[in-house]
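Just below is one structure, and these are the notes that go with it.
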Amino acid sequence: MAQAQKITPRAKDYSEWYNDVIMQAELADYSPVRGCMVIRPHGYRLWELMQRALDDMFKATGHQNAYFPLFIPMSFLAKEAEHVEGFAKEVALVTHTRLKATGKAGAQAVMVDPESALDEPLVVRPTSETIIYAMFAKWVQSYRDLPLLMNQWCNIVRWELRTRLFLRTTEFLWQEGHTAHATEPEAEAEARQMLGVYRTFQEEWMAMPVITGKKTESEKFAGALRTYALEALMQDNKALQAGTSHNLGQNFAKAFNVQYQTAAGGLEYVWNTSWGVTTRMIGGLVMTHSDDNGLVCPPKLAPVQVAIVPIWKSEEEKGRVLEVGEGVKQELARAGVRVELDARENLKPGAKYFEWEAKGVPLRLEIGPRDVAAGQVMAARRTGGKAPARLPGIAGSVTAALDQIQAALFRSAKDRREAHSIRGASKPQFIEFMKGPGGFAYGGFCGSGACEAEIKQETAATVRVLPDPEFRSPDQPKTCMWCGKPSVAEAVWAQAY
RNA sequence: CGGGGCGUAGCGCAGUCCGGUAGCGCGUCUGGUUUGGGACCAGAAGGUCCCGGGUUCAAAUCCCGGCGCCCCGACCA
């Protein structure tokens with residue numbers, strides 16, 4: 001019996017399962033370059049759909065796209081003290097501009113031309129605050145130029161010691177928003193607004209429940225005044241930071257001299273924000289919904305939403321079945337559904353089912369001679385369940401099913417998260433929870449970095465966020481879950497990616 | 001950067017201990033028969049056994065030295 005590669009079950013080895021799901025869904029592949037992956041067409045289509053939804057939301061909130069250089073003069077990075085310290089350990093540098101032929105064979109055929117050394121090395125952007133604010137300084141003159149609301153879609157390089165497909169790679173794709181405002185409250189409102197945009201996207205498109213909130217001092221972005229983040233709980237009960245939004249204050253404005261003339265004629269530094277989400281979200285999507293049969297993709301982002309699998313025995317049946325299949329395909333396409341008719345002749349229907357399941361297709365329509373005779377198709381949901389659907393009005397029942405699947409995925413992910421969240425635990429209970437099943441632990445926090453470090457040391461858990469009001473427990477803790485001193489804020493703790 | 005595992009056909013692996021013509025399954029190609037949950041028969045193609053040295057009549061196998069990948073930890077989106 002022909003058997004495609006099996007996916008390692010989650011219960012056996014979660015990491016292997018994650019890799020298997022990605023490889024068999026053909027989202028990505030390992031590349032010859034250490035720490036770098038190739039995003040394959042199916043994975044890139046998913047990213048494109050994510051981009052489109054997010055970009056529409058950025059535009060709707062007044063942002064414009066632009067593109068800034070990949071290379072940043074090393075001295076730029078040095079201009080903001082905290083920032084450079086945060087990235088110093090993981091930047092790639094361009095130091096030379098030429099190779100030269102040696103006349104030797106093989107790997108020795110070329111060498112770096114020592115004559116081509118740059119006077120000042122260029123940093124391959126690990127993030128673009130410095131180069132963007134250097135430009136903002138040029139563009140901002142008066143309060144009439146503000147706010148300046150920009151975004152860029154690009155790649156980023158951070159030299160990571162240990163990499164994982166989508167979750168942490170040396171090069172990755174992201175979007176970075178950068179804005180300049182006249183006042184601190186405006187910048188704060190922007191940072192909060194974009195956090196909300198991300199939340200909407202992740203909940204409504206990715207069907208991934210998130211907790212929003214503020215990062216502690218130790219977890220905030222290097223160079224920011226405040227960092228806000230979204231945290232999701234994966235199926236192994238580890239937290240994934242799914243996006244960040246920073247109020248940068250005037251730190252970069254001062255470093256790059258981004259000033260404006262006020263209506264009253266004074267000169268002030270602008271207030272900046274930056275915010276970003278990355279291809280890491282694809283890893284989050286995989287680990288939120290997928291199962292031991294492969295990828296489960298929320299319909300709104302599924303590269304293929306419906307796969308039609310025709311079934312026939314004779315040539316005559318094949319003709320009838322394909323004709324109906326083609327008709328259904330056209331009707332669904334007209335209704336805006338991303339649909340594939342799988343008419344391959346070298347695979348039996350069962351093999352096609354497995355393939356589309358591994359690729360995360362939410363809905364499969366099976367059309368055989370019996371269905372054609374009955375004027376129906378069999379609709380099988382990726383999340384389970386198979387039922388006939390009448391051919392007349394098929395587009396309506398398909399889109400309704402996709403909507404139901406989308407909603408059900410969010411609901412079950414949220415239920416799972418809540419089932420793995422604890423509130424009001426004592427210190428021993430907290431330790432037991434983190435060493436055992438793990439998940440989100442809500443508890444009082446004294447605000448001290450020492451407490452945070454001790455907890456990390458003993459349990460590997462960190463403060464993911466100090467949650468926003470809508471995510472806080474009904475009964476706010478009075479004391480620090482760890483040291484017993486008065487609590488300054490409720491915190492959500494978890495082991496994290 | 002430490003610990004563990006691994007590197008043999010496109011993919012998954014056996015062979016390595018104990019040196020002796022490089023194999024199996026899947027996939028691929030050709031032809032035929034098939035098709036309601038991973039089809040079958042017949043034929044065929046496909047290999048620097050990770051790389052470099054060494055030992056030997058002879059190395060995938062033994063010795064020395066590299067490189068790479070995956071997993072776990074430390075550091076980070």
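Being a predicted model, the structure only gives us computed values, none of them experimental. Chain letters run A, B, ... following the sequence lines, proteins first and then strands; every chain starts at 1.
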Checklist entry - A/H63 and A/E190: side-chain donor and acceptor closer than 3.5 Å? => result yes
Item to check | Pairing nucleotide - B/G37, Watson-Crick or G-U, each distance under 3.5 Å | outcome: none
Next on the checklist: Using Watson-Crick or G-U wobble geometry with both distances under 3.5 Å, which nucleotide pairs with B/A58?
Outcome noted: none
Checklist entry - Over how many whole Å does the gap from A/L165 atom CG to B/C71 atom C1' extend? => result 13 Å
Next on the checklist: Only pairs with both distances under 3.5 Å count, Watson-Crick or wobble alike; so what is the partner of B/C29 in this structure?
Outcome noted: B/G43
Checklist outcome for this item: Taking a pair to mean Watson-Crick or G-U wobble geometry with both distances below 3.5 Å, B/C6 pairs with B/G68
Next on the checklist: Can you measure A/W174 atom CH2 to B/C76 atom P for me and round it to whole angstrom units?
Outcome noted: 16 Å
Checklist entry - Is any side-chain N or O of A/E317 under 3.5 Å from a base N or O of B/G36, one able to act as donor and the other as acceptor? => result no
Checklist outcome for this item: note: A/L161, atom CG; B/C75, atom P; distance rounded to Å ~ 11 Å
Item to check | Modelled atom types, side-chain donor and acceptor of A/Y14 and A/N19, under 3.5 Å | outcome: no
Checklist entry - NA contact type, A/D371, heavy-atom cut-off 4.0 Å: base, sugar-phosphate, or nothing? => result base
Checklist entry - Applying a 3.5 Å limit to both distances, which nucleotide forms a Watson-Crick or G-U wobble pair with B/G73? => result B/C1
Checklist entry - Between B/C70 and B/C24, how far is it from one P atom to the other, in whole Å? => result 31 Å
Checklist outcome for this item: Any strand, both distances under 3.5 Å, Watson-Crick or G-U wobble: B/C24 pairs with B/G12
